[in-house]
Every structure is written in structure tokens, then in C-alpha cells.
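Working notes for the structure below.
We count residues from 1, following the sequence as given.
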Amino acid sequence: MILSQAQSGAYASNSDEENPADDFLQVELELNLKLGNLVFQDPVKYVYNPLLYAWDPHERFVRTYCQSKKEVLFLGMNPGPYGMAQTGVPFGEVKHVRDWLQIEGHVYKPEIEHPKRPIRGFECPHSEVSGARFWGLFKSLCGQPEHFFQHCFVHNHCPLIFMNQAGKNLTPMDLPKAQRDVLLDICDEALCQVVKALGVKLVVGVGKFSEQRARKALAGEGSDVTVTGIMHPSPRNPQANKGWDSLVRTQLQDLGVLSLFV
């Protein structure tokens with residue numbers, strides 16, 4: 001088991017400390033300022049930041065479910081166009097955010113919007129497969145969201161969504177190296193601050209990119225936080241289309257964290 005009894009005991013001893021939501025949100029506000037100074041070039045033509053235009057539901061999500069220190073942090077890469085881009089919640093497929101997490105709020109528009117990628121907030125008619133799979137798994141395991149968030153939280157390494165002229169989604173890895181390195185260094189620093197603010201003992205990267213960035217960021221800080229990963233639920237991943245739920249349950253069991261949810 002990755003989580004030792006000593007680590008679990010450390011979590012329990014921290015449970016009465018101050019609410020970490022304010023510190024978490026402050027990290028994100030400072031991250032917004034730094035990211036706002038960046039200028040992106042080809043192939044990037046459109047940049048959305050839901051931590052600006054969807055701050056209302058995002059803040060509600062954090063203040064509702066980040067009221068105590070967290071043992072485990074599930075880390076995504078960056079928002080999807082039909083997930084966090086619409087709701088401000090990581091892996092934020094609309095139905096699960098609204099109906100299971102019970103989070104809603106006013107969602108504005110990005111400053112410059114691609115006509116093929118409109119932001120409709122909680123009126124978005126599309127379902128994000130990755131988000132539906134992610135939250136669907138923990139809904140089936142936990143029953144109630146409070147059970148999941150008793151020990152865990154969810155965060156994205158980078159809050160930005162990138163698109164080219166045609167509206168195609170670009171990942172951070174699609175950016176030119178010079179721009180990518182500056183962006184990821186800023187997000188690495190924020191991740192380290194988030195881990196510290198939440199008292200995290202284990203970071204679980206959702207997909208290889210998030211796992212690798214967490215390893216790099218936390219190793220540079222000399223952190224003793226454990227970093228591991230689970231398969232990404234994206235339908236672009238052929239393996240994820242062959243029973244992602246069952247595969248990840250096994251991964252969580254092997255990591256020693258499944259017992260947190262059942």
C-alpha cells in the first residue's frame with residue numbers, strides 16, 4: 001500500500017485545522033495573474049480561462065468540498081471543451097456537476113470566443129465523456145460526494161483551454177516548446193502551492209502527462225509527497241474504451257486507496 005498508517009494518522013491529526021479553501025483559491029487567483037501576462041503564438045488562436053469567466057461555480061465547488069485537508073489529490077491536465085470549460089469544475093461534465101455535486105453558478109463568456117466552441121455554461125448540450133466517466137466512477141463507489149471529498153480533491157495542472165484557428169482543441173504539449181516551458185513552469189509552481197495548502201500525501205495523475213508533471217514539480221521542491229497515476233478516461237485512449245471503470249478500480253485497489261471510497 002502506498003498510503004501508510006503514519007500518513008493516514010497525519011491526515012487525521014490535521015482534520016481540525018483551518019479550512020484550506022481560502023489558501024487554495026488564493027493560489028488560483030495568483031496563477032490567473034501570471035497566466036494573464038502570457039502571449040501565445042501559432043498554432044494557438046484562442047485561449048479560454050474558466051477560472052475567470054466561470055469563477056462563480058468554481059469557487060462554489062472549492063468552498064463546498066475543500067473544507068478540510070486532503071490526503072489524495074487527483075490531478076488532471078487541463079480543461080476539456082465540454083467539461084471544466086463550461087462549468088468551472090475539473091472533469092466537469094454538466095450533469096454530474098449539477099446533479100451529483102450539486103454545483104451551479106453564473107458562467108460568463110471568454111473575452112474572445114470561437115464560434116465553434118461557444119461557452120453555454122450549465123446549458124451546454126454536450127456531455128464530456130472523460131468527465132462522465134471520472135465522476136461516474138466515484139459516484140458509484142461513494143454514493144454521496146461528501147464521501148469522496150472527505151479524503152480527496154480534484155485539480156487541473158493547467159486551467160487554460162487552447163484552440164487553433166479551426167477550433168480544434170490543443171493540449172499544452174501542442175504548444176511550441178518555448179511557450180510550453182514557460183506555461184508549465186508557472187503551473188508547476190502553483191501545483192506545489194496547492195499540494196502544500198491541502199496537506200496532500202498522494203498525488204494521482206489522471207493520465208501520463210499529469211503524473212509526469214507532478215513528479216517533476218514536486219521533485220524540484222524536495223517534497224516527500226508520493227506521485228502515481230491512473231489511466232485517463234478520454235475516449236481518444238483506446239484502452240479507456242474497453243472498460244475504464246473496471247480498470248481504474250483495479251488501479252485504485254493496487255494503490256491502496258480504494259478503501260477510501262467503499
Side-chain angles (χ1 to χ4, degrees), residues 21-63 66 73 75-94 97 103-124 126 128 130-131 153-176 178-194 197 206-207 209-210 213 217:
D22 287 338
D23 289 341
F24 182 93
L25 292 168
Q26 185 61 38
V27 170
E28 294 190 311
L29 290 172
E30 292 173 2
L31 177 62
N32 277 346
L33 292 175
K34 294 176 181 178
L35 295 178
N37 292 326
L38 300 183
V39 177
F40 297 98
Q41 300 172 342
D42 286 338
V44 176
K45 293 297 185 181
Y46 294 83
V47 181
Y48 293 1
N49 184 355
L51 294 187
L52 294 176
Y53 64 81
W55 180 258
D56 182 25
H58 178 77
E59 182 180 16
R60 293 187 188 192
F61 167 70
V62 174
R63 293 201 180 280
C66 195
L73 180 69
L75 183 70
M77 178 171 60
N78 73 315
Y82 302 130
M84 185 173 177
Q86 304 292 337
T87 64
V89 175
F91 294 97
E93 190 263 348
V94 171
V97 173
I103 296 295
E104 291 190 80
H106 191 87
V107 178
Y108 295 89
K109 294 273 191 178
E111 288 186 8
I112 303 176
E113 187 177 52
H114 194 288
K116 293 182 179 179
R117 291 286 183 260
I119 296 302
R120 297 174 178 167
F122 289 85
E123 300 302 317
C124 178
H126 302 286
E128 184 187 67
S130 294
F153 203 62
V154 185
H155 179 61
N156 275 328
H157 179 262
C158 173
L160 303 182
I161 304 115
F162 305 97
M163 286 160 280
N164 65 12
Q165 187 65 50
K168 179 184 177 182
N169 187 53
L170 303 172
T171 71
M173 292 305 294
D174 295 322
L175 274 59
Q179 297 180 59
R180 181 175 71 237
D181 288 348
V182 173
L183 169 71
L184 296 182
D185 284 348
I186 291 173
C187 294
D188 283 353
E189 180 182 6
L191 172 61
C192 293
Q193 293 170 345
V194 162
V206 183
F209 175 89
S210 301
R213 290 314 304 183

Check whether [X] reaches the backbone of [Y] with its side chain - one donor and one acceptor, N or O, closer than 3.5 Å.
X    : Y    : value
N164 : A166 : yes
E104 : P57  : no
K109 : I119 : yes
Q86  : P118 : yes
H114 : G167 : yes
R60  : I103 : no
N78  : C158 : no

What is the distance from atom [atom1] of [X] to atom [atom2] of [Y], rounded to the nearest 0.5 Å?
X    : Y    : atom1 : atom2 : value
N49  : E28  : CG    : CD    : 9.5 Å
Q41  : L38  : CD    : CG    : 11.5 Å
R180 : C187 : CZ    : SG    : 13.0 Å
R213 : M173 : CZ    : CE    : 8.0 Å
K45  : K168 : NZ    : NZ    : 15.5 Å
H106 : D56  : NE2   : CG    : 8.0 Å

Between [X] and [Y], which heavy-atom pair has the shortest distance, and what is it?
X    : Y    : result
R117 : Y48  : O-OH, 2.8 Å
A217 : L191 : CB-CD2, 4.3 Å
V27  : A190 : CG1-O, 3.7 Å
G92  : T87  : O-OG1, 3.0 Å
K34  : I186 : CB-CG2, 4.0 Å
P79  : P50  : CG-CG, 4.1 Å

Name all residues meeting the side chain to side chain donor-acceptor pair (under 3.5 Å) criterion together with D174; count only those two or more places apart in sequence or in a different chain, and write none if there are none. T171
So, do [X] and [Y] sit near enough that their side-chain heavy atoms are less than 4.5 Å apart?
X    : Y    : result
L51  : L35  : no
Y53  : E111 : no
Q26  : D23  : no
P172 : M77  : yes
V89  : H58  : no
L52  : N32  : yes
L184 : H157 : yes
P176 : F40  : no

Give a yes or no on this: more than 12 heavy atoms of other residues, nucleotides or ligands lie within 6.0 Å of atom CD1 of I112. no
Would you check, one step at a time, whether the test side-chain contact (heavy atoms from CB on, under 4.5 Å) holds for L175 with L183? CA-CA 10 Å; L175 274 59; L183 169 71; 4.0 Å; yes
Hey, would you say the F162 and Y46 ring centroids sit under 6.0 Å apart?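 Ring centroids of F162 and Y46 are no less than 6.0 Å from each other.
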F153-F24 aromatic ring centre distance below 6.0 Å: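 Yes, the ring centres sit under 6.0 Å apart.
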Evaluation steps, side-chain contact (heavy atoms from CB on, under 4.5 Å), between V44 and L170: CA-CA 8 Å; V44 176; L170 303 172; 4.0 Å; yes
Counterpart residues, salt bridge (Lys or Arg N to Asp or Glu O under 4.0 Å), relative to E59 (two or more places apart):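 R63.
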List the steps, then state whether side-chain contact (heavy atoms from CB on, under 4.5 Å) holds for W55 with L29. CA-CA 10 Å; W55 180 258; L29 290 172; 3.7 Å; yes
Do N156 and L75 pass the side-chain contact (heavy atoms from CB on, under 4.5 Å) test, and can you show the C-alpha distance, the side-chain angles, and the key distance before you say yes or no? CA-CA 5 Å; N156 275 328; L75 183 70; 5.8 Å; no
